[in-house]
There are 2 protein chains.
Amino acid sequence: MSAPALDKSSAANDGEPEDSDDLVPPAALEAWAAMRELVLDHERKKEVCEALGLSFVRVRVLLLVAQAPQTMGAIAARLTTDPPYTTLVVDDLERRGLVERRAHPTDRRAKLVALTPSGEEAARRADALVSAPPTRLAALDADDLEVLRTILAGLSG
Amino acid sequence: MSAPALDKSSAANDGEPEDSDDLVPPAALEAWAAMRELVLDHERKKEVCEALGLSFVRVRVLLLVAQAPQTMGAIAARLTTDPPYTTLVVDDLERRGLVERRAHPTDRRAKLVALTPSGEEAARRADALVSAPPTRLAALDADDLEVLRTILAGLSG
DNA sequence: CATAACTGTTGTGATTGTAGAACTAACCCG
DNA sequence: CGGGTTAGTTCTACAATCACAACAGTTATG
């Protein structure tokens, strides 16, 4: 990469309540930039989508529901899609036999979206593609990787 | 987050030439998962888009061209959009006075897309939002951050 | 020079995602 | 019970993205 032309002297943000720190350590900025580049460069939306024959939102639903059955609201919140569209997407996945809507145990209004067996299979394939680290990461020293893992493990919310 | 339900015993991928390693260190898998979660969780497409009044592809073009003027082809390749759509997006940005098409110095077919002054201003604002690290990252020890920065610096391709 | 390859554009159409109002069914609370 | 709220759906209209074919101008190649 050549030299970036942007003056990044003030990377503080103004409006948002989140990360409203005024003093961000430079090391954090650089580490963040490197991580962003690594992750965003390696995104394989195209590959995953055409491997499963699904649009990316649908894959995200699959991957989310694979962790645990979710209500429609939870899915919408996590994917930042509005309720109508969420309904549409889940309808489609249900029509394909990948998910099913179950009754919510305590709230009869809500529905729990869960994977069917073939949905699990699809989710597994998607996950295999998505969670394979890029070569340049996997090629690091075992020691460095261990350090990375340890530090980053503390961040998982 | 509760326990994931997917069996990730084999995260090796089959088809792609890239990362075709069969032996991926577990630490790499975990580090990768943590980084992905951090980056993808923190994406602020919505905020950036409504801050600039532009769709996300347009913001990406701005950010890309901010590094250095690019040909249409280079933009299309980097954003994985096809040429026709790239033309459309750059047209729009040009109409808004954020970028301009200049003549390519050596190839008269090609055009170099560069930022106008107000485009630079917009890119600066976008960058400020996008490159601000999440709080949980910035909140790490100075030592840990330094280690992260050092290890990750070696990966920037 | 003639042909082939490349860069970018135009035009058309399909697919995907976004936004809003209106509605049903179920829950909650006084 | 009755009014207010929530979860999800339907319907509508629209913006954004993607895909395909055809084209002009320029460059490269034999």
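Each chain gets a letter, A, B and so on, in the order its sequence line appears, and its residues count up from 1. What you see is a predicted model, and the numbers here were worked out from it, not measured in a lab.
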Worksheet, complete the sentence: With B for base contact, S for sugar-phosphate-only contact and - for none (protein heavy atoms under 4.0 Å), nucleotides 10-17 of chain C reads BB----SB
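Distance check: A:Leu79 CG to A:Arg60 CZ gives 4.0 Å after rounding to the nearest 0.5 Å. Between atom NZ of residue B:Lys46 and atom OG1 of residue A:Thr80 there is a gap of 3.5 Å, rounded to the nearest 0.5 Å. Rounding to the nearest 0.5 angstrom, the gap separating the CG atom in B:Asp91 from the CZ atom in B:Arg96 is 12.0 Å.
The shortest heavy-atom contact between A:Met35 and B:Leu38 is CE-CD2, 3.3 Å. Between B:Leu29 and A:Ser131, the shortest heavy-atom contact is CD2-O, 3.3 Å.
Between B:Trp32 and B:Val24 the shortest side-chain heavy-atom distance does not fall below 4.5 Å. Counting only heavy atoms from C-beta outward, the side chains of B:Asp141 and A:Ile151 never approach each other to under 4.5 Å. Residues B:Leu148 and B:Asp144 are not in side-chain contact: their nearest non-hydrogen atoms beyond the backbone lie 4.5 Å or more apart.
Linking Ile, Leu, Val, Met, Phe, Trp and Tyr residues whenever their side-chain heavy atoms come within less than 4.5 Å leaves A:Leu112 and A:Leu62 in two separate clusters.
Listed by chain and number, the residues in a side chain to side chain contact (heavy atoms under 4.5 Å, CB included) with B:Arg108 amount to none (sequence neighbours excluded). The side chain to side chain contact (heavy atoms under 4.5 Å, CB included) test applied to B:Val113 returns B:Val65, B:Met72, B:Ile75, B:Val90, B:Val99, B:Arg101, not counting sequence neighbours.
Summarising the geometry, the separation between CD on B:Gln70 and C1' on C:dT7 is reported as 15 Å, rounded to the nearest angstrom.
Salt bridge status for A:Glu37 with A:Arg136: present, with a side-chain N to carboxylate O gap under 4.0 Å.
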Just the table, please: protein N/O against nucleotides 24-30 of chain C N/O, every pair under 3.5 Å.
from, atom 1, to, atom 2, distance (Å)
C:dC27, OP1, A:Arg108, N, 2.7

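The span of DNA chain D lying next to chain A, judged by atoms under 4.0 Å from heavy atoms, is bounded 5' to 3' by D:dT6 to D:dC11.
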Practice prompt. Evaluate salt bridge (charged side-chain N to carboxylate O under 4.0 Å, His left out) for A:Arg95 paired with A:Asp92, printing each intermediate quantity in order.
Written response: CA-CA 5 Å; A:Arg95 220 174 297 121; A:Asp92 182 49; 3.6 Å; yes
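Axis angle across the helix from C:dC1-D:dG30 to C:dG30-D:dC1, with five pairs used at each end and values rounded to 10°: 40°.
Within 4.0 Å (heavy atoms only), A:Thr86 reaches no atom of the nucleic acid at all.
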